[in-house]
K.L.:
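I have a structure here, written as structure tokens, and I will follow up with some questions on it.
All values reported here derive from a predicted model rather than from experimental measurement.
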Amino acid sequence: MNGKLQNLSEIVARANDMLYDKFDDIDTLMGIMDKTLRNQGVKADAITIDCIALDKKIVILLHDDQPDVVSIALGNKEGDIYSSSEYELSQISEALIVGIMEENFIL
């Protein structure tokens, strides 16, 4: 796993813990895709956060051709995307990820 993905996954893991501390009735599952997309020909790594009970998913993408930009897509387990936003990698924090998780999984 490359350094950027490692750092980002640690931020997401801490954010996931923070969400659970706040809302102990919400269960999420975090995944890291550091080879899956590449095996499909996509030059990117991803972190997924699934809320299976709500059939909602957050996909956080790091594209090779935009190494300082993070794309965050909101959708469902089937792969439907409802919205997508881009952030500078330097803007990504636990607070930002918790806010996105709350918006997608709580509200």
Side-chain angles (χ1 to χ4, degrees):
M1 179 181 326
N2 72 45
K4 285 184 182 181
L5 180 61
Q6 175 75 35
N7 291 339
L8 186 58
S9 67
E10 290 172 4
I11 291 169
V12 173
R14 287 190 300 268
N16 195 45
D17 290 344
M18 291 168 66
L19 183 80
Y20 187 74
D21 287 345
K22 239 175 140 174
F23 304 98
D24 62 0
D25 60 331
I26 296 293
D27 288 321
T28 59
L29 179 64
M30 182 181 147
I32 298 173
M33 300 169 66
D34 61 340
K35 293 185 177 92
T36 306
L37 294 175
R38 294 181 186 287
N39 291 341
Q40 296 173 9
V42 178
K43 294 180 180 178
D45 296 312
I47 300 168
T48 60
I49 308 166
D50 294 281
C51 186
I52 296 169
L54 298 176
D55 187 34
K56 291 187 176 184
K57 176 181 278 201
I58 299 170
V59 179
I60 303 166
L61 290 161
L62 285 168
H63 293 277
D64 290 356
D65 61 349
Q66 292 183 298
D68 296 322
V69 176
V70 175
S71 299
I72 299 179
L74 308 178
N76 64 22
K77 184 179 172 187
E78 300 301 316
D80 299 323
I81 302 296
Y82 305 126
S83 67
S84 180
S85 301
E86 289 189 347
Y87 300 86
E88 291 293 321
L89 182 58
S90 62
Q91 292 179 308
I92 303 298
S93 66
E94 289 90 354
L96 176 71
I97 299 298
V98 167
I100 292 169
M101 292 170 70
E102 284 182 5
E103 194 172 299
N104 198 44
F105 298 153
I106 308 297
L107 304 176

K.L.:
Suppose clustering is done on Ile, Leu, Val, Met, Phe, Trp and Tyr with side-chain heavy atoms closer than 4.5 Å. Which residues sit in the same group as Ile81?
P.N.:
none
K.L.:
Hey, mind stepping through Ile47 and Leu5 against side-chain contact (heavy atoms from CB on, under 4.5 Å) and telling me if it holds?
P.N.:
CA-CA 8 Å; Ile47 300 168; Leu5 180 61; 3.8 Å; yes
K.L.:
Using a 3.5 Å distance criterion without hydrogens, assess whether the side chain of Lys4 forms a donor-acceptor pair with backbone atoms of Pro67.
P.N.:
yes
K.L.:
Is Leu62 close to Leu89 at the side-chain level, that is, under 4.5 Å between some pair of heavy atoms?
P.N.:
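The answer is yes; the side chains approach within 4.5 Å.
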K.L.:
Are any of the side-chain heavy atoms of Ile58 and Phe105 separated by less than 4.5 Å?
P.N.:
yes
K.L.:
CE of Met101 to CG of Leu19: how many Å apart, nearest 0.5 Å?
P.N.:
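Output value for this atom pair is 4.5 Å.
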K.L.:
Group every Ile, Leu, Val, Met, Phe, Trp and Tyr by side-chain heavy-atom contacts under 4.5 Å, then state whether Tyr87 and Val69 land in the same group.
P.N.:
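No, Tyr87 does not connect to Val69 through the hydrophobic network.
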K.L.:
With a 4.5 Å cut-off on side-chain heavy atoms, are Thr48 and Met33 touching?
P.N.:
yes
K.L.:
So Ile11 and Arg14, side-chain contact (heavy atoms from CB on, under 4.5 Å) or not? Walk me through it.
P.N.:
CA-CA 5 Å; Ile11 291 169; Arg14 287 190 300 268; 3.6 Å; yes
K.L.:
Would you please test Ile49 and Lys56 for side-chain contact (heavy atoms from CB on, under 4.5 Å) and show each step?
P.N.:
CA-CA 9 Å; Ile49 308 166; Lys56 291 187 176 184; over 6 Å; no
K.L.:
Work out which heavy atom in Ala15 is nearest to a heavy atom in Val98; give both atom names and the distance.
P.N.:
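Smallest heavy-atom distance, with atoms named: O-CG2, 3.4 Å.
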K.L.:
Measuring from Asp27:CG to Cys51:SG, what's the distance to the nearest 0.5 Å?
P.N.:
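Asp27 atom CG to Cys51 atom SG measures 7.5 Å (nearest 0.5 Å).
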K.L.:
Looking at every non-hydrogen atom in both residues, tell me the closest pair between Leu37 and Ala44 and how far apart they are.
P.N.:
CB-O, 3.6 Å
K.L.:
For Ile52, is there any backbone N or O sitting under 3.5 Å from a side-chain donor or acceptor partner on Asp50?
P.N.:
no
K.L.:
Measuring from atom CG of Asn16 to atom CG of Asp21, what distance do you get when rounded to the nearest 0.5 angstrom?
P.N.:
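Spacing of CG (Asn16) from CG (Asp21) equals 10.0 Å.
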K.L.:
With side-chain contact (heavy atoms from CB on, under 4.5 Å) as the criterion, how do Glu102 and Phe23 come out once you've worked through the C-alpha distance, each side chain's angles and the decisive distance to 0.1 Å?
P.N.:
CA-CA 9 Å; Glu102 284 182 5; Phe23 304 98; 3.6 Å; yes
K.L.:
If every non-hydrogen atom of Val59 is compared with every non-hydrogen atom of Ala46, which pair is closest and at what distance?
P.N.:
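Nearest pair, atom of Val59 first, then Ala46: CG1-CB, 4.2 Å.
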K.L.:
Short question: side chain of Asn76, backbone of Gly79 - any donor-acceptor pair under 3.5 Å?
P.N.:
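A pair under 3.5 Å: yes.
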K.L.:
Mind checking whether Ile72 and Ile106 sit in one hydrophobic cluster, side chains of I, L, V, M, F, W, Y counted as touching below 4.5 Å?
P.N.:
yes
K.L.:
To the nearest 0.5 Å, tell me how far Ile100 CD1 sits from Ile92 CD1.
P.N.:
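Output value for this atom pair is 6.5 Å.
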K.L.:
With a 4.5 Å heavy-atom cut-off, do Asp45 and Ile32 have their side chains touching?
P.N.:
no
K.L.:
Drop me the distance from Lys43's NZ to Asp65's CG, to the nearest 0.5 angstrom.
P.N.:
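Here the interatomic distance stands at 8.5 Å.
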K.L.:
Would you say Gln66's side chain and His63's backbone share a donor-acceptor pair under 3.5 angstrom?
P.N.:
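Pair absent, no side-chain N/O of Gln66 close to backbone of His63.
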